[in-house]
There are 2 protein chains.
Amino acid sequence: MGIDELDGRLLELLAAEPRIGVLEASRRLGVARGTVQARLDRLQGSGVIRGFGPDVDPAAIGYPVTAFATLEIRQGQGRDVRAHLATVPEVLELHTITGRGDMLCRLVARSNADLQRVIDKVVGFEGIVRASTAIVMENPVPLRIVPLVRQAARDAGGPAS
Amino acid sequence: MGIDELDGRLLELLAAEPRIGVLEASRRLGVARGTVQARLDRLQGSGVIRGFGPDVDPAAIGYPVTAFATLEIRQGQGRDVRAHLATVPEVLELHTITGRGDMLCRLVARSNADLQRVIDKVVGFEGIVRASTAIVMENPVPLRIVPLVRQAARDAGGPAS
DNA sequence: TGAAGGCTGAGCAATCTGTACAGTGATAGG
DNA sequence: CCTATCACTGTACAGATTGCTCAGCCTTCA
């Protein structure tokens, strides 16, 4: 487990220019094509790279409002609630968490008004006792991974030298 | 703005098999290659598809712990705090939100113990008054977009018929 | 010393991409 | 009703890329 400096550079490159091919990547990185191919295979095999799914902007398909909802669940209803939330398309992700509240989910909606509908759909279920919602105004740091990759690569490569 | 049924199927297909090429996609969808190419260009041009960045699993590169932190910011320090958090690699995303707390950020760490270090780094800054953290235990619904795409495509295609 | 693993550079057949062009059907405007 | 526009189809071609394999070289490790 872990990645070295070359893996890090490869991931950065892929993040910056995803449509790049193996051949072009090998040129940019200054290594042989076979090396890039082998690294990619390994990264995917080991689960570091989950995939290359299209990064779809919810706002661009009509869902410009994002919100986070903290849910409090009735004891023992966790499984049912999870199953319920999984059926709601506007629930983009769901986590079970420690602390105040039992679950945290990311929601999107067509408008602030529509968010009410979404929340009703989410909360309108047996096991959910209470929900508290926070609407996202700005997103100063969009979901990113490159800085972390860079650090992980440094941690692996630095101390070893 | 909005996507039709064919866009929806294309996005679903890309999500399911990202390494697929334009030609193979056109075969699967039963349309001409040029059509797929045009749709892809349009989807990327209109911002629906932001990119095809590699989906990296933080756990696989040594950061298996995820947490969400709600931050309370001192009046007028928002800009500085944003800039500060942007420099922390373990901050995967940052939102400004309504309600209790002013910002919500997603963090990762090498372990529960390491999370303390990360939080110290995040909170160790002038403008942050208070931070409340929730550790993620499970992730029953990983970040997903397909169900939403499907619904958006239905909404666009259905009522029109 | 020998074995194993990773990288290089090269080669080959098959495939895919970028691009262009003509034909067709549907739609919107005149 | 006629016509321009637009999207999709089917086809074509040159150039680039991919998947795969092989031999050689170097470093690490037992």
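These numbers come from the heavy atoms of this one structure, side chains and all, not from hydrogens, waters or symmetry mates. Source: prediction; values computed, not measured. Chain letters run A, B, ... following the sequence lines, proteins first, then strands; residues in each count from 1.
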Please state how far atom CG in A:Leu10 lies from atom C1' in C:dC7, giving the value in whole angstrom units.
15 Å
Do B:Gln37 and B:Asp41 have side-chain N/O donor and acceptor atoms under 3.5 Å apart?
no
Within-4.5 Å side-chain heavy-atom neighbours: A:Val48 and A:Arg42
no
Can you confirm whether B:Ile73 sits close enough to B:Thr96 that some side-chain heavy atom of one is under 4.5 Å from a side-chain heavy atom of the other?
no
Could you point out which residue of A:Asp4, A:Leu29, A:Val31, A:Leu11 forms a side-chain contact (heavy atoms from CB on, under 4.5 Å) with A:Arg39?
A:Asp4
Distance check: side-chain N/O of A:Arg39 vs OP1/OP2 of C:dC7, anything under 4.0 Å?
yes
Please report the distance, rounded to the nearest Å, between CG in A:Leu40 and P in C:dG6.
15 Å
Check whether any side-chain heavy atom of A:Met103 sits under 4.5 Å from a side-chain heavy atom of A:Arg82, and report yes or no.
yes
Would you work out how much the helix from C:dT1-D:dA30 to C:dG30-D:dC1 bends between its ends, with each end axis defined by five base pairs, to 10 degrees?
40°
Here the distance between atom C1' of C:dG6 and atom CG of A:Leu6, to the nearest Å, is 11 Å
Summarise how protein sits on nucleotides 9-25 of chain D as a single string, 5' to 3': B when a protein heavy atom is under 4.0 Å from the base, S for sugar-phosphate-only contact, - for no contact.
B--B----SBBB-----
Output the rounded distance in Å from CD (B:Glu17) to P (C:dC16).
14 Å
Atom CD of A:Glu5 and atom P of C:dC7 are separated, to the nearest Å, by 12 Å
Check the distance between C:dC7's C1' and A:Leu29's CG and give it to me in whole angstrom.
14 Å
4.5 Å side-chain heavy-atom contact, B:Thr70 and B:Arg100:
no
If we ignore hydrogens and angles and just use 3.5 Å, is the side chain of B:Thr98 paired with the main-chain N or O of A:Ile135 as donor and acceptor?
yes
The side-chain contact (heavy atoms from CB on, under 4.5 Å) partner of A:Thr35 among A:Leu6, A:Leu40, A:Val22 is A:Leu6
